[in-house]
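Here is the structure we will look at, set down as structure tokens.
Position 1 is the first residue of the sequence; numbering continues from there. A quick note: this is a predicted structure, and the numbers were derived from the prediction, not measured.
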Amino acid sequence: EVQLVESGGGLVQAGGSLRLSCAASGFTFDDYAIGWFRQAPGKEREGVSAISSKDGSTFYTDSVKGRFTIASDSAKNTVFLQMNSLKPEDTAVYYCAAGVPELILFSLWVSSRVEVWGQGTLVTVSA
């Protein structure tokens, strides 16, 4: 069964940190780009960050550059998102997702291109 399972969400004060994890199973980890989307209430789902384990290429949306860091551990089939200097506007449900690695190369980390979704984990940043 193809599956992405997130963990690590929670409540944190502004300026704090959280680390999200996404464990993948049922497909060849290195053949895909894996990353994160988020959706805040009343807003569209947006691509946050992604990584290709095959070549190490990464994507970050502008609003998280310098604050979030994505990394992958191929031995554990797991992708991590370290989120520092969190802001209230980072509050959202964060979804792990997988798609072809070319999505990063062509800056196409968009929800319509995703092939596998996780169930989501809530991140709440209080002011």
Sequence neighbours excluded - disulfide bond (SG atoms under 2.5 Å apart) pairs with any residue from residues 31-93: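 Listed by first then second residue: nothing to list.
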E89 atom CD: more than 12 heavy-atom contacts under 6.0 Å: yes
Spacing of CZ belonging to R45 relative to CZ belonging to R38, to within rounding of 0.5 Å: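 Interatomic distance, R45 CZ to R38 CZ, rounded to 0.5 Å: 13.0 Å.
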Nearest-0.5 Å distance, CG of residue D90 to CG of residue L18: 10.0 Å
Say whether [X] and [Y] are linked into one hydrophobic cluster, either directly or through other cluster members, by side-chain heavy-atom distances under 4.5 angstrom.
X	Y	answer
F37	I51	no
Y94	V12	yes
V93	L86	no
L11	M83	no

Partner residues of S17 under the side chain to side chain contact (heavy atoms under 4.5 Å, CB included) criterion, sequence neighbours left out: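 With neighbours one apart ignored, the set is Q82, N84.
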Sequence-distant partners of F29, ring-ring contact (aromatic ring centres under 6.0 Å, His included), two or more places apart: none
Which donor-acceptor pairs under 3.5 Å do the side chains of residues 19-27 make with protein atoms, sequence neighbours left out?
none

E6 side chain reached by Q119 side chain, heavy atoms, under 4.5 Å: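 Yes, close enough: below the 4.5 Å cut-off.
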Using distance only, find each side-chain donor-acceptor pair of residues 95-116 under 3.5 Å and give its atom names and separation, not counting sequence neighbours.
residue: W109; atom: NE1; partner: W36; partner atom: O; Å: 3.3
residue: W109; atom: NE1; partner: S49; partner atom: O; Å: 3.4

Donor-acceptor contacts under 3.5 Å from residues 52-62 side chains, at least two apart:
residue: S52; atom: OG; partner: K54; partner atom: N; Å: 3.4
residue: S52; atom: OG; partner: D55; partner atom: OD1; Å: 3.3
residue: S53; atom: OG; partner: S72; partner atom: OG; Å: 3.0
residue: D55; atom: OD1; partner: S57; partner atom: N; Å: 2.9
residue: D55; atom: OD1; partner: S57; partner atom: OG; Å: 2.7
residue: Y60; atom: OH; partner: I70; partner atom: N; Å: 2.8
residue: D62; atom: OD1; partner: K65; partner atom: NZ; Å: 3.0

Nearest heavy atoms of P88 and A14, plus distance in Å: CD-CB, 4.1 Å
